[in-house]
Amino acid sequence: MEHRLSLSTLARDLHSEGRLSDRDLARVMAAQAVKVHPLVYLAEQKIEDAASPGRMLDMDGLLAWLGARVEQPVYQIDPLKINVTAIAEVMSRAFAERHRILAVEVSAEEVVVASGEPFVSSWESNLEHVLRKRVRRVLTDPRAIARHTAEFYTMAGSVRGARGGERSDSGIGVTNLEQMLELGSMKEPDANDQHIVNIVDWLLQYAFEQRASDIHIEPRREVGKVRFRIDGVLHSVYELPQQVCAAVTSRIKILGRMDVAEKRRPQDGRLKTRSPEGNEVELRLATLPTAFGEKLVMRIFDPDVLQKTFEQLGLADEDLRRWHRMTSQGNGIVLVTGPTGSGKTTTLYSTLRQLATPEVNVCTIEDPIEMVEGAFNQMQVNHGINLDFSSGVRALMRQDPDIIMVGEIRDLETANMAVQAALTGHLVLSTLHTNDSPSSISRLLELGVPAYLIKATVRGVMSQRLVRILCPACKAFGELDLDAWQQLTHPWQVEPPPQVARPVGCKACRDTGYVGRQGIYEVLVNSPAVQGQITAHMETAAIREVAVSEGMHTLRLSGASRVAAGETTIEEVMRVAPLLDA
């Protein structure tokens, strides 16, 4: 018999199975008619599970219990895995809201529909008849259904509106062929159209919620792809019609004060907005002309990252002490190395924030300015007026600086200016793009810096990478693959741990098994023994061997200690850390 879930029936069933105590049953039964879904009401009461003392009857536990009773699988809605356009075409928004259901997966044979009412099925036959597909039901948190119904249909409606499509919300239906042909020939919608504004707002808020570090909007022949980089890995999240994709890019260029009419050359811009929590977030924009239009990348800079301690960033113990020793000296060059996206900027900014006391003058030259910081004097490279890193350092030297940060040492002229600044009593922080710390010494020699100047000015080099950290809520421990461990730590002999952690996947980590990233570090101090190896014909391996004998952990050894601590996996460290020279 078809009926909606009732609070009293659920409470009695939980009580009969020993999940609800007599006292809690009486309290629930005494409640007046509640206006929220019974599952939501029970989950919000924080009632202790009588069958498992110390645990609460939360929504996950209630769904698992109910799903087993009604023989329906429990489904967690992951927006990253849902084709919003496809699920919005299955049924109208009015139909979905009337029956409190939401399509979550669509294939050629079936449609998976999420519901919080397992005993209501009147809509099933209607839907199967129209779609001519099998309907497979899953049980889902009613709050998630309500929230994602609003989000998905608003987004899909904005895309249709931007294309000029019309559709009735009175029942089940799809855009007919005539409308599709009409839409296919339409021109790019206006960038200030309210639908385009809504799409941009949704993409930004969605990216913040998903902890994305970058948003990629990529035009293709017929569609535009939207991808988010989350914890260093790109995820496809949406496909926009080609014309809508171009209008979205134009809208973001307007917000970033870029030249909307210029689409033939790359441009840079930046904009500020707010996260769902109300925090101010800055985005760096970069466009690139491609075969099918402008590709746009938005890098999201979270100001909270700069408030994190070095320990929270993953730099701790002996590595942190070495880093503080190098940067606390009043002069010299300190280098941070690693590929793009390895956290070099965050390390430099966090260091400069600690060094930027009222008694010192901190000046930077960057390309571009990553994050605007009130404690620094920041200058941006401008090649149009021949303001590059080397001329910028030359100008900064006349500004009575104590500490100079150079965005990157790319050529001999910039390297020479950094050396001169260090020799005249300034502390210079900069970056290089090398695989590891010892290679940075080789790179300076290759650029043309004499060995004796490297010995005199370079205080040390820190190489870094970002590894994904295992989700503490779901990671599981198991046996160690000894061959993989030896491959990770070769050529050094490191005692293997008794067991290692592996990713599992849960609601907290969105089934990825990982939550967030932290750094692994290789801190090379330019000690007298290391200086003895710096010659015009030096070998990188010889410097590494001396540095390791003095206590330096290579990137892979640093990662191995994280693996031994159960924080990440061997595969993750080997993915980001370079293989050592023979």
**Request:** Take W323 and T351, measure what side-chain hydrogen bond (donor to acceptor under 3.5 Å, both in side chains) needs, and give me the verdict at the end.
**Result:** CA-CA 9 Å; W323 179 248; T351 302; 3.0 Å; yes
**Asked** Taking it one step at a time, do Y206 and F228 satisfy ring-ring contact (aromatic ring centres under 6.0 Å, His included)?
**Response** CA-CA 10 Å; Y206 186 27; F228 292 169; 5.5 Å; yes
**Message:** Let's go through F389 and I409 carefully: what are the C-alpha distance in whole Å and the side-chain angles of both, what is the deciding distance for side chain to side chain contact (heavy atoms under 4.5 Å, CB included) to 0.1 Å, and is it a yes or a no?
**Reply:** CA-CA 8 Å; F389 282 121; I409 294 178; over 6 Å; no
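Taking a cutoff of 4.0 Å between a charged side-chain nitrogen and a carboxylate oxygen, D214 and R299 qualify as a salt bridge. Residues R410 and D367 are paired through a salt bridge, judged by an N-O separation under 4.0 Å between the basic side chain and the carboxylate. Using a 4.0 Å cut-off between a side-chain N of Lys or Arg and a carboxylate O of Asp or Glu, R55 and E48 do not qualify as a salt bridge. Salt-bridge formation is not detected for the pair E109/R134: no Lys NZ or Arg NE/NH1/NH2 atom is positioned less than 4.0 Å from an Asp or Glu carboxylate oxygen. Ion pair D60/K507 flagged as a salt bridge, since at least one NZ, NE, NH1 or NH2 atom sits closer than 4.0 Å to an Asp/Glu carboxylate oxygen. Between E572 and R562 there is no salt bridge, since none of the side-chain N atoms of the basic residue sits less than 4.0 Å from a carboxylate O of the acidic one. The pair R136-E110 counts as a salt bridge, with a side-chain nitrogen and a carboxylate oxygen less than 4.0 angstrom apart. Comment: E218 engages R227 in a salt bridge, judged by a side-chain N to carboxylate O separation of less than 4.0 angstrom. Salt bridge R147/E151: present, at least one basic N to carboxylate O contact under 4.0 Å.
At least one donor-acceptor pair under 3.5 Å links the side chain of E522 to the backbone N or O of S437. Not one N or O on the side chain of D49 forms a donor-acceptor pair closer than 3.5 Å with the backbone of L57. Here the side chain of K344 pairs a donor or acceptor atom with the backbone of G338 at under 3.5 angstrom. A side-chain donor-acceptor contact under 3.5 Å links K475 to the backbone of G566. With hydrogens and angles ignored, the 3.5 Å screen pairs a side-chain donor or acceptor of S549 with a backbone N or O of V546. Looking at T568, its side chain does come within 3.5 Å of a backbone N or O of R468 through a donor-acceptor pair.
More than 12 heavy atoms of other residues, nucleotides or ligands lie within 6.0 Å of CD in Q45, so this atom counts as buried by the packing criterion. Around atom NE2 of H37, more than 12 heavy atoms belonging to other residues, nucleotides or ligands sit under 6.0 Å away. By the neighbour-count criterion of 12 heavy atoms within 6.0 Å, atom CZ of F477 is densely surrounded, having more than that number from other residues, nucleotides or ligands. Atom NZ of K225 has 12 or fewer neighbouring heavy atoms from other residues, nucleotides or ligands inside a 6.0 Å radius. In this structure, E446 places its CD atom where more than 12 heavy-atom neighbours from other residues, nucleotides or ligands lie under 6.0 Å away.
You'll find the ring centres of F310 and H324 inside the 6.0 Å limit.
A distance of 7.0 Å separates CD in Q72 from OG in S115, rounded to the nearest 0.5 Å. One distance of note links CG of L14 with CG of D24; it measures 10.5 Å at 0.5 Å rounding.
A donor atom on one side chain and an acceptor atom on the other are found under 3.5 Å apart for S440 and T434. For the residue pair E239 and T85, no side-chain donor N or O sits within less than 3.5 Å of a side-chain acceptor on the partner.
The two residues A529 and E550 come nearest to each other via the heavy atoms CB-OE2, 3.1 Å. M552 approaches V523 most closely through the heavy-atom pair CG-O, 3.2 Å.
V104 places none of its side-chain heavy atoms less than 4.5 Å from the side chain of V113.
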